[in-house]
Amino acid sequence: MELQECKPIVEMKNIVKVYLDGTVALRGVDFDVCPGEVHALLGENGAGKTTLMKILAGVLKPTSGEIVLEGKHVRFSSSADALSKGIGMVHQHPALVPVFTAYENIVLGAYRPGARAEIEKLMEETGLKVPLDAPVESLPLGIQQKVEILKMLYRRVKVLILDEPTTNLSPLETRELFRVLRSLRSRGAAIVFISHKLREVLEVADRITVLRKGVKVGTVSAEEATPTLLAKMMVGREVEMVVSKPRVALGEELLVVRDLWVRSDLGTWAVKGVSFSVRAGEIFGIAGVEGNGQKELVEAISGLRRAEKGKIVIGGIDVTNKHPLEVYAAGLAHIPEDRQRYGLVLEMTVAENAILGVQRSPRFQQPPIMKIKWSEVFSHAREIIKNFNVQVPGLTAKAKTLSGGNQQKLVVGRELTKKPRVLLAVNPTRGLDVAATEYIQNLLASLKEKGIAILLVSSNLDEVLQLSDRVAVIYEGEFMGVARPEELTEELLGLMMGGYSLDKAREVLSRKTT
Amino acid sequence: MPVEALSQLAEIARLTTFSMTPLLLAAIGEIITELAGVVNIGLEGIMLLAGFAAVAAAEAWGPLAGLLAGVLVGTLIGLLHGWISVYLKGDQIISGLGINIFALGFVAFGIEALWGVRGYYTPPPEAKVPRIPGLGVSPTFIAAIVIALVSYYVLYKTGIGLKIRAVGEKPDAAESVGVHVERVQLAATVAGAALSGLAGAFLSIDWLAAITKELPAGRGFIALAIVNFANWNPILALAGSGLFGFFWTLGEWVKNIGTIKAVIPIPLLNTIPYVATLVVTAGLIGKSRPPAHIGRPYRRE
Ligand SMILES: Nc1ncnc2c1ncn2[C@@H]1O[C@H](COP(=O)(O)OP(=O)(O)OP(=O)(O)O)[C@@H](O)[C@H]1O
Ligand SMILES: [Mg+2]
């Protein structure tokens, strides 16, 4: 399945990478990218995508193999070296200085007279519009990413690498990013695009290379690729891309939220009088454009943020404004949005992370001085790793050495092993590959049968619609309506996410058709 | 207003230019160092060692040599502290403490060894930095103001300042665009310590014209506090040192008024500048935000 129609600007040949701890991340991979093309890199969690691109961008040194840039053999001593030779990478987590303005971040280390005018011209030409004088920490991730791309363009990179750029973007922002990528492509840039989302890859890429367990499976052109073909290449088997949705007899109301009011960090109302309940065996989905109060709602339920007004009841116990530990004791498990900030302690080991939140249980502590029973901790960690198919270098490896998707699986596994009654899942499949997504989604569906009440907050519409029994759309802290997924069309959802109530949205649509 | 009161006010202002100068120099130096992510709590020790060296050099070669000797001592200590904190990735607090402790012992011994007196030595008048004619203030004060303004400009308005601050905020981001993190940190540490050295020399051969092991009298620590209150901004540090200097002068002046001296004990009067500065600056400036990566050595993955 090899094709070679273009002349590559950079070629990687037979790249092998063995990490210090002995993990073999790449086993002899070839890769190239041509000017004026978007080359997508696909693969399961831990396949080695990030590692391969970090090598191309000079962040990591290959154990063996060579890189040929514009016909010359090169060896990068650092990412700055690669950048100066025209290869720039936008990482999964933006490498920006938070307190600096966008402008300062762009010119950092490369100031030249007339920089500002030059950047403004770049923004004009590429459509990458950012507020240059705002501190980047105050900007949404989507805009921060644009700052990163501008930073690369200002340095006149010829090869632009984007590592899962759409993971934290809303559908609208994703569309905008793709427009930019197409415009850059037409200007002759060589772009590498890492993603798990087959639909996106098929939409934007010219060629697609699939990695599996450190080996290149093949490269196909976008025309000949289909979702099923790509999924099969990634996983090595057929993937069912539909999730079964068992109908379960509903039980008692396990999570009840009544007239909840919560403030944002800025002190404004983020959640304005939301009421709903989730019953045993039910998945209640909350859809909406990010930043409409989802974060605050979730934090209030899990006890991380004050509820100014209203009531939260879990399994019959009033947990309004209770300490998170009491909330968890009432039966809540939480798969948080930002696993790196809330889900894991990256500097701690896999085993330590596996008991976070339950470390006080007698199973793991030996009275009287509460010495940790490591053998129990390790067996618990091993159980999670096995049940949830987490790939780890070892139980004592630091959590930060896991690939993004495997970090997520570890959190999910740990939370579900707590045997919760109510599960709060926020974007549970973000950053996961197709197989892991399929796995987690099926898992959520099967948890229903165990009588667990699940609150699913997700900005992935397909996921909400596929999994939920009832869906609410949140807009500026209020529910625009609650309906069963069958009753909702994409247009209805679009309107509701834009601030129309369910009835209003129906009215608008019926007027349109008549 | 009676003429006498006016001239007294003018005199307080003139004296304030002296009391604020060492604070200003040390605070500006520490701002530069800390913005690059390195903490140096050894300011007190640097001032003391530099003050000692300044007296010795000024006695031999005149006041200018004295000031330069102070700067040189600061530079050397800055190199040492920088080498320990930046390259050896050592503990910055411990290294700073070490400077302070070493200075106390060394200077107490040095005064005796060099001049054969115990604890206190006064250099001859020729060793003293002359005043600016007409104004009666020290040229070092003018230099300190200029240094503060230039530092502000460089730190907050130029590409170099951007590099320094990026290193203290997010060194990995800075490095990814080609900034040499360690080099910047070492340079900032040396520059900061050199300014503290100048502050020490100013104390011993410019303002007070004496050397004892109590020479800095806590000014190194006040400077550290000013850095915080000033939110790492040299212009605010200028205001902060001015304020402290003013209260210090005021305190000295109050001590000379017989009726007050009779009612309030002197040690309590001595706390006036410290308490007043704390209250005013804390109330005025509110929350400050330290550089995100301050005090921790930069380690690559
Ligand atoms: N610093 C490290 N030390 C040891 N092993 C590592 C390190 N970084 C990554 N690995 C391992 O190398 C393998 C490849 O990781 P990589 O991050 O390249 O995967 P990926 O394809 O980007 O996955 P994801 O889609 O989950 O981001 C994984 O098994 C991972 O655990
Ligand atoms: Mg990755």
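Every chain is numbered from 1, with letters handed out A, B, ... down the list of sequences. Basis for what follows: all heavy atoms, side chains included, without hydrogens, waters or symmetry-related copies.
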Is it the case that over 12 heavy atoms from other parts of the model lie below 6.0 angstrom from the [atom1] atom of [X]?
X	atom1	result
Lys121(A)	NZ	no
Arg183(B)	CZ	no
Arg75(A)	CZ	no
Tyr153(B)	OH	no
Ile93(B)	CD1	yes

### Heavy-atom check, side chain of Lys163(B) versus side chain of Leu108(A), under 4.5 Å
yes
### Check against side chain to side chain contact (heavy atoms under 4.5 Å, CB included), Arg165(B) and Phe100(A)
CA-CA 9 Å; Arg165(B) 288 184 294 134; Phe100(A) 280 14; 3.6 Å; yes
### Query
What is the distance from atom CE of Met89(A) to atom OG of Ser176(B), rounded to the nearest 0.5 Å?
11.0 Å
### Message
Nearest 0.5 Å, please: how far is OG1 in Thr158(B) from OH in Tyr111(A)?
### Response
9.5 Å
If every non-hydrogen atom of [X] is compared with every non-hydrogen atom of [Y], which pair is closest and at what distance?
X	Y	value
Ala95(A)	Ala173(B)	O-CB, 3.3 Å
Ala166(B)	Val97(A)	CB-CG2, 4.1 Å
Glu175(B)	Ala80(A)	O-CB, 3.7 Å

### Query
Given a strict heavy-atom distance threshold of 4.5 Å, which part of Val177(B) is in contact with chain A: side chain, backbone, both, or neither?
both
### Residue-level interface, residues 23-45 of chain B with chain A, non-hydrogen cut-off under 4.5 Å
none
### Task
May I ask you to say whether Glu347(A) pairs ionically with Arg299(B), meaning some side-chain N is under 4.0 Å from a carboxylate O?
no
### Task
Go through Glu137(A) and Arg289(B) one step at a time and tell me if the salt bridge (Lys or Arg N to Asp or Glu O under 4.0 Å) criterion holds.
CA-CA 14 Å; Glu137(A) 63 189 338; Arg289(B) 178 171 176 171; 2.9 Å; yes
